[in-house]
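Each remark here refers to the structure printed beneath this line.
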Amino acid sequence: MFDTKTMLRVALLSSALSAGVGTASQAIAQGAPAATEAETDSTIVVIGNRSRATTVIDSPAPIDVIDESQLATLGANSSLRDALGVLLPSFNSLTVSSSSWNSVARPAGLRGLGGSHVLVLVNGKRRHNSSLLNLSTGSVYQGANSVDIDLIPAAAIKRIEVLRDGAAAQYGSDAIAGVINIVLKDDAQGGTLSLNAGKRYSYLGNSDGRNIEAGGNIGFRLGEGGFLNIAANARDNNHARRAIPATGAFYYPANGQPDPRENRDKTAFTGGLPDLRALTILYNAELPLSPGATVYSSSTWSTREAVIGQNFRRPNSTNAVLSIFPDGYAPNYTLDERDFQALGGVKGESGGWNWDISSTYGENRSKNGSTNSLNASLGSASPTKFWTFTAKFKQWTNNVDVSKGVDIGLAEPLKISFGAEHRYEQFQTIAGDPASYANGLYRYPAGTPLAGRYATIGAQGAIVLTPEDAAKLSRNSYAAYVDIGFNPIPQWFVAVAGRAEHYDDSAGDTLNGKFTTRFDFTDNFAIRGTVSNGFHAPALAQSAFAQTSNQYTTVNGVQTFITAKSVRPGTPIGDALSAKALTPEKSFNLSAGFTYKLGSRLNLSVDAYQIKLDDRIAQTGYLTGAGVSAILVANGFDPNYSVRYFANAIDTRTRGVEAVLNYLQPLGVDKSLRLTAGYNYNKTKITSVAANPAELAALNLTLFDRQAQGYIDRNLPRTKLILGQDLALGNLKLNLRETRYGKVAFLGTAAASDQFYGAKWIADIDLSFQATKNVNVAIGANNFFDTYPDKNTLPDTNGFPPYPAQSPFGFYGGYYYGRLSFSF
């Protein structure tokens with residue numbers, strides 16, 4: 001626990017360093033100075049191909065590079081997740097409304113796939129996953145307990161490298177849609193301090209969403225030729241709400257007449273962007289031991305607390321106990337999270353061989369609860385505050401990597417890389433307070449309209465785990481890889497990679513390969529392509545997680561309050577409803593494209609891709625009805641539960657095209673105009689749905705219904721276009737960005753409840769002034785024109801926001817901010 005008043009009020013990021021970015025890396029830069037051709041070509045990236053040191057412009061696969069100057073000018077989008085979402089056309093980051101922890105550790109992904117299909121590295125080493133499993137209804141990202149990149153301080157980042165290509169043969173599980181590598185600052189002196197503060201535009205006469213973000217870094221010399229760089233980031237964010245007045249009765253009639261209290265304000269929904277406080281501290285260090293060896297280490301520690309408002313529980317419902325909340329109540333979901341990772345290793349060169357030995361350990365712990373709540377089944381004895389469960393994830397990864405260039409008489413040496421990896425993972429859930437899940441059998445007393453009815457079971461506005469839901473799973477994986485690259489002729493590069501991996505659980509064994517090639521017809525024009533297969537081992541969280549929650553969902557076009565229960569295989573309910581042990585997802589990737597540059601003025605890259613994903617893991621639709629009720633009763637549960645589970649439910653095919661264009665026009669000394677454009681077309685098609693199990697067919701149920709299928713193939717925009725204009729006039733810089741999100745749809749269980757939302761343009765602006773050599777001031781706005789998505793057309797009496805909960809750009813309107821930065 002910590003007091004936000006003592007948090008750092010300094011440094012997000014400061015003075016813009018050289019852009020140092022190339023063809024794809026110019027992905028809608030903001031505030032970066034004009035890069036020369038030499039600077040562009042000298043930007044060495046460490047992902048995409050182990051066989052050679054490569055620049056972005058020479059890469060045989062599409063790579064984006066985002067540097068710290070771009071991150072510094074994003075206003076409300078200063079988290080890494082949001083930064084990638086607004087800077088990269090192929091990356092989508094959703095702003096979820098009041099969906100427990102998904103409003104904090106928000107879903108995101110690359111090339112239309114989920115976070116579980118993107119591998120995250122820090123300084124080239126695997127980052128551990130979160131303990132939080134994405135359960136957001138209506139999202140393509142369901143089921144991923146992906147890496148939470150927002151727990152890495154922005155002030156510590158030198159650049160972010162994004163490989164948009166299948167790379168499981170090179171890096172292992174998760175690298176189906178691509179790889180994100182976060183490179184940390186390595187300065188041995190100097191530093192930055194910055195403060196960024198802002199608020200949302202007014203909504204219905206109220207202005208909310210006040211954010212304060214601060215951070216900084218400082219470098220120190222370490223020994224002879226080494227460095228120690230320490231960074232910290234802090235955030236203090238207030239909620240933003242977009243509720244409308246609720247309708248209908250809140251109270252029991254009084255003497256046959258409406259209760260006079262019905263005339264009160266009926267704004268009932270308290271959800272939206274959460275109240276959040278976060279602090280992250282990081283160090284990155286290297287120390288040469290001898291001319292042939294260097295020891296290195298880095299570590300992060302993070303704490304994050306959030307309060308997430310939920311929907312109002314009316315006093316005339318089975319969720320209420322009038323002796324506790326006579327006027328009803330709006331519960332809060334609470335999250336208390338701790339995260340830690342430490343890396344240590346030694347690298348060097350011996351006899352022409354480069355070697356690297358490393359070990360990294362990471363863990364994430366989240367404590368979940370509820371306040372201003374109750375378990376109505378306990379009656380007046382119910383507490384109003386609960387600890388509902390704790391989740392933990394641990395990961396220990398050990399690597400040995402070796403590489404060498406061998407002269408075989410060609411224009412370039414044959415590049416050989418090989419290595420091995422061991423990884424241990426553990427996922428655990430712990431049931432919370434017994435009062436959060438107990439059934440107190442409370443019945444409403446005589447003389448009330450609910451007389452004789454049982455009250456709803458479980459803490460409201462919470463995810464609840466019973467002792468039967470608690471789990472603890474672990475596994476080891478062992479892998480070996482080889483990566484070979486060479487130039488048959490100077491203009492032609494060819495690489496092959498292979499990786500064998502063994503899991504000691506049901507994921508079993510896998511063998512993956514990749515072929516990569518690039519041909520430079522001229523110094524300006526080249527074609528490139530890759531073919532690979534890959535896999536994603538089922539996350540331990542997907543195999544183990546079970547829970548109960550009281551929530552609203554859309555049933556036949558109507559917002560309906562349900563008690564939802566997620567179950568797993570090996571339990572009586574799971575087995576009765578045909579839940580099976582999960583098996584790995586398998587992918588086959590194709591990519592082909594070209595790059596073109598005209599001096600230092602213009603860069604263009606275009607890449608087309610196809611990702612076939614078989615045995616894709618997804619959540620079933622909600623299973624309800626008389627047959628399910630009978631199974632629940634037979635196992636001692638409430639017959640009114642709606643049940644779902646994870647399954648290898650579908651095969652999908654994702655096709656897309658990515659294009660990035662950058663044009664630089666010098667305007668004189670210290671003056672330039674950079675125009676950028678990034679475009680992504682992405683379409684996912686469900687090619688096959690798993691056969692309906694006999695157990696479900698006998699109950700007249702469908703494993704993966706129409707609504708669940710719509711989450712996969714309709715709720716992300718098929719097109720995304722980003723246009724940028726960066727004008728530098730000496731000490732003054734004006735950065736404009738316009739983003740067009742294509743239309744989306746949310747399908748219901750029947751066509752009558754389908755919802756369609758049109759394409760929208762979002763405009764951002766950032767104006768900065770270098771007041772002195774060390775001080776920079778800026779003002780700006782995200783969503784300058786206060787654009788909202790189209791409104792829902794389905795009826796709602798509960799006061800929910802009238803916008804789609806999974807809008808690709810959120811539904812919180814404009815945000816204005818100021819920024820003060822200092823470098824030293």
Side-chain angles (χ1 to χ4, degrees), residues 12-21 25-36 39-40 65-78 82-83 85-89 154 192 194-201 211 213 600-603 660-679 721-740 761-787 809 813-823:
L12 169 62
L13 286 163
S14 175
S15 58
L17 300 181
S18 166
V21 288
S25 70
Q26 303 286 4
I28 322 311
Q30 285 218 326
T36 67
E39 288 171 335
T40 294
V65 174
I66 299 171
D67 75 1
E68 60 175 321
S69 64
Q70 296 168 266
L71 297 176
T73 58
L74 295 178
N77 299 312
S78 56
D82 286 332
V86 300
L87 294 175
L88 303 180
T192 62
S194 184
L195 174 66
N196 190 331
K199 292 186 69 175
R200 294 281 167 180
Y201 288 17
N211 294 342
E213 301 191 30
S600 60
R601 294 286 189 89
L602 183 144
N603 289 320
V660 178
L661 173 69
N662 177 75
Y663 176 76
L664 175 65
Q665 178 60 57
L667 301 175
V669 178
D670 293 330
K671 299 178 178 64
S672 66
L673 174 65
R674 177 188 291 162
L675 303 176
T676 53
Y679 174 78
L721 172 66
I722 307 176
L723 303 175
Q725 306 87 46
D726 304 333
L727 178 64
L729 299 173
N731 291 333
L732 187 67
K733 291 183 175 63
L734 174 64
N735 308 295
L736 304 175
R737 182 179 62 247
E738 302 86 31
T739 305
R740 182 188 185 274
W761 284 91
I762 305 297
D764 300 331
I765 182 171
D766 186 271
L767 179 65
S768 65
F769 178 69
Q770 193 70 32
T772 70
K773 178 182 178 180
N774 304 105
V775 177
N776 183 280
V777 294
I779 58 173
N782 300 129
N783 194 353
F784 181 79
F785 295 107
D786 202 27
T787 301
F809 57 89
Y815 175 89
Y816 59 90
Y817 62 87
R819 183 176 65 254
L820 175 64
S821 304
F822 177 74
S823 61

For the [atom1] atom of [X] and the [atom2] atom of [Y], what is their distance to the nearest 0.5 Å?
X: Glu738; Y: Gln725; atom1: CD; atom2: CD; answer: 4.0 Å
X: Leu767; Y: Leu734; atom1: CG; atom2: CG; answer: 6.0 Å
X: Lys671; Y: Leu732; atom1: NZ; atom2: CG; answer: 10.5 Å
X: Leu602; Y: Leu661; atom1: CG; atom2: CG; answer: 5.5 Å
X: Asp82; Y: Leu87; atom1: CG; atom2: CG; answer: 10.0 Å
X: Asn211; Y: Lys199; atom1: CG; atom2: NZ; answer: 10.5 Å

Evaluate the side-chain proximity of [Y] to [X]: yes if any heavy-atom separation is below 4.5 Å, no if none is.
X: Ile66; Y: Leu88; answer: yes
X: Asn731; Y: Asn776; answer: no
X: Leu727; Y: Leu667; answer: yes
X: Asn782; Y: Phe809; answer: no

Looking at every heavy atom in both [X] and [Y], which two are closest together, and how far apart are they?
X: Ala83; Y: Leu71; answer: CB-CD2, 3.5 Å
X: Ser672; Y: Leu664; answer: CB-CD1, 4.1 Å
X: Ser823; Y: Lys773; answer: OG-O, 4.2 Å
X: Arg819; Y: Ser768; answer: NH2-CB, 4.2 Å

Inset, instruction - With Arg737 as reference, evaluate Ile722, Asp766, Ile765 under the side-chain contact (heavy atoms from CB on, under 4.5 Å) test and give the passing residue. - result: Ile722
Legend entry - Test side chain to side chain contact (heavy atoms under 4.5 Å, CB included) applied to Phe785 - qualifying residues, sequence neighbours left out: Ala763, Thr787
Legend entry - Crowding at CZ, Phe784 (>12 non-hydrogen neighbours, <6.0 Å): no
Inset, instruction - May I ask you to check whether over 12 heavy atoms, not counting those of Ile779, lie within 6.0 Å of atom CD1? - result: no
Legend entry - Verdict with supporting geometry, Leu675 and Leu723, side chain to side chain contact (heavy atoms under 4.5 Å, CB included): CA-CA 8 Å; Leu675 303 176; Leu723 303 175; over 6 Å; no
Is the backbone N or O of [Y] less than 3.5 Å from a side-chain atom of [X], with the two atoms forming a donor-acceptor pair by type?
X: Tyr815; Y: Gly198; answer: yes
X: Asp764; Y: Asn783; answer: yes
X: Asn603; Y: Asn662; answer: no

